[in-house]
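Heavy-atom basis, side chains included; hydrogens, waters and symmetry copies ignored. In listed order, ligands and their atoms are each counted from 1.
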Amino acid sequence: MSGRVILVGAGPGDPGLMTIRAVEAIGEADVILHDRLIPATALTFAHPGAELIDVGKTGGGEQVPQAQTERLMLEHARAGRVVVRLKGGDPFVFGRGGEEALLCHELGIPFEVVPGVTAGIAAPALAGIPVTQRGMASAVAFVTARGAGDEQADWDALAKFPGTLVFYMGVGALEAVAQRLIGAGRGPDEPAAIVERGTLPGQFVVTATLDSIAERGEQLGVRSPAVTIVGPVVELSEQLGVVEDGPLANTSVVVTRTPHQASEIGRRLRDLGARVIDAPAIAIESLQASVPDLQPFDLLVLTSPNGVRFFFEQLRESGRDSRALAGLRIAVVGPGTAAALREHGLEPDIVPERAIGEGLVAALAGVEVRRALVARAQDARDVVVDALRQAGADVRVLALYRTRAAELDEHLREPVLSADWALFASASAARHFVAAVGGAAVIAASGLRTATIGPQTSAALREAGVEPAVEAATHTPDGLIDALCDQVRT
Ligand code: SAH
């Protein structure tokens, strides 16, 4: 029995701000007890067999009482499982992680803490507010705004605190907080800011003075999650606040690929100034496939970067490596698959000009093939297989993985539907995305425009009732981004 508990901080919301150890721990878990305020893609790193339990609190009310969460945590750990207790931000900052660690300590259950990036530093940072700054603030205090009604709280001491105050929780209590601070001597003119949904799509910043911040926040409809910052450092947001620049500035773009594939697209979009919303519509599951002896084949066809990844994983598991491909001709469907292959030290022999199945069929015309192995997704199209068979080849299909629908996270719904564009790099992502948001009519009503990587993806989108606004001329992720830039510019 090697049961244990890992208290993991998942950061403030942007999946890019999870630590490497957090992602590893999520992958190790047999059971994940997760809160509501975690990055949308955090759970996609879980082991396919892991049990995911939502113990999140909605609003102020407790959905799952703390005692029950603790009971689940202990039960599973005692049964020999690796339990990840996944929390937003840092587990020890207003996260009750300390209590859960103490409990493990008292009961002799091994535990580990994985610190996370806390909202009280990250949200102000992305609003251009450093919480400490030479000559302006040499200290910072993290405070819960929930204590506003608490007569016992030492408001005098807090008002005199020589540095920045960062309030977590209690956006509704801001008026009381400000009044008490001012009553205890803090200057009513001191700069203050509220950062709502910090680091997330739709991050929203309100700045005002201490005596007017609550009213300003209310006028603008600020809601949880938000942190409030009080101190002169707030003024730096005028200079350091992000000014979006680039061809996709002021454009919000939904990326529907799996996190594994989306990071490259996301990075490029961000470099171009876009606000990127990761909303994976598909998840990928590896299948129990075994790579046959490759000697009898004279052609290997790989149709996606995922195919390459799983092919070599299976090869390795059976005790082989790239040398097993010696002498074999390799055809790939496009430059992305070619790049994935090069990571294994192999150069494809055949890369079609048009990166779609039909392009590969054209590239293979005239190539003599006797026995071909086509390694691909279970649900892939058969164009290449059919064409090879028609040309007289003996074709074996190796289904390495399958794609399935991924649910749209509830707190992603609003940012996704109020975005400008959604990008689709595969037919399955297109189909599953339309279903996940509730159908074509929902998309039409939202004004979200769609861009696809090529004709197959467009066809899938049309079949689901959505007319793509843009189709990439070059059927690669870069081609898709270029098509989007052209469209936005005109
Ligand atoms: N352990 C978390 C805090 C949990 S308490 C951490 O270290 O960040 C929950 C409070 O955190 C929210 O009420 C809000 O004040 C703050 N918070 C969490 N995520 C936030 C975000 N993305 N933007 C602004 N505030 C956030």
K.L.:
Return the protein residues near ligand 1 (heavy atom under 4.0 Å from any of its atoms), ordered by chain and residue number.
P.N.:
Pro12, Leu37, Gly88, Gly89, Asp90, Val93, Phe94, Thr118, Ala119, Tyr168, Met169, Val195, Arg197, Gly198, Leu200, Pro225, Ala226, Val227
K.L.:
Are the side chains of Phe167 and Leu181 in contact, using a 4.5 Å heavy-atom criterion?
P.N.:
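Yes, close enough: below the 4.5 Å cut-off.
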K.L.:
Would a 4.5 Å heavy-atom cut-off, applied to side chains only, mark Val470 and Trp421 as touching?
P.N.:
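Result yes, sub-4.5 Å side-chain heavy-atom pair found.
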K.L.:
If you apply the rule side chain to side chain donor-acceptor pair (under 3.5 Å), what do you find for Thr452 with Ser458, and how did you get there?
P.N.:
CA-CA 6 Å; Thr452 74; Ser458 295; 2.7 Å; yes
K.L.:
Report yes or no: do Asp379 and Ser428 form a side-chain donor-acceptor pair below 3.5 Å?
P.N.:
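The answer is no; no qualifying pair exists.
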K.L.:
Assess, by modelled atom type and distance only, whether the side chains of Asp420 and Thr251 contain a donor and an acceptor separated by less than 3.5 Å.
P.N.:
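There is no such pair (donor and acceptor under 3.5 Å, judged by atom type) between the side chains of Asp420 and Thr251.
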K.L.:
Would you mind reporting whether His34 and Asp54 have side-chain heavy atoms less than 4.5 Å apart?
P.N.:
yes
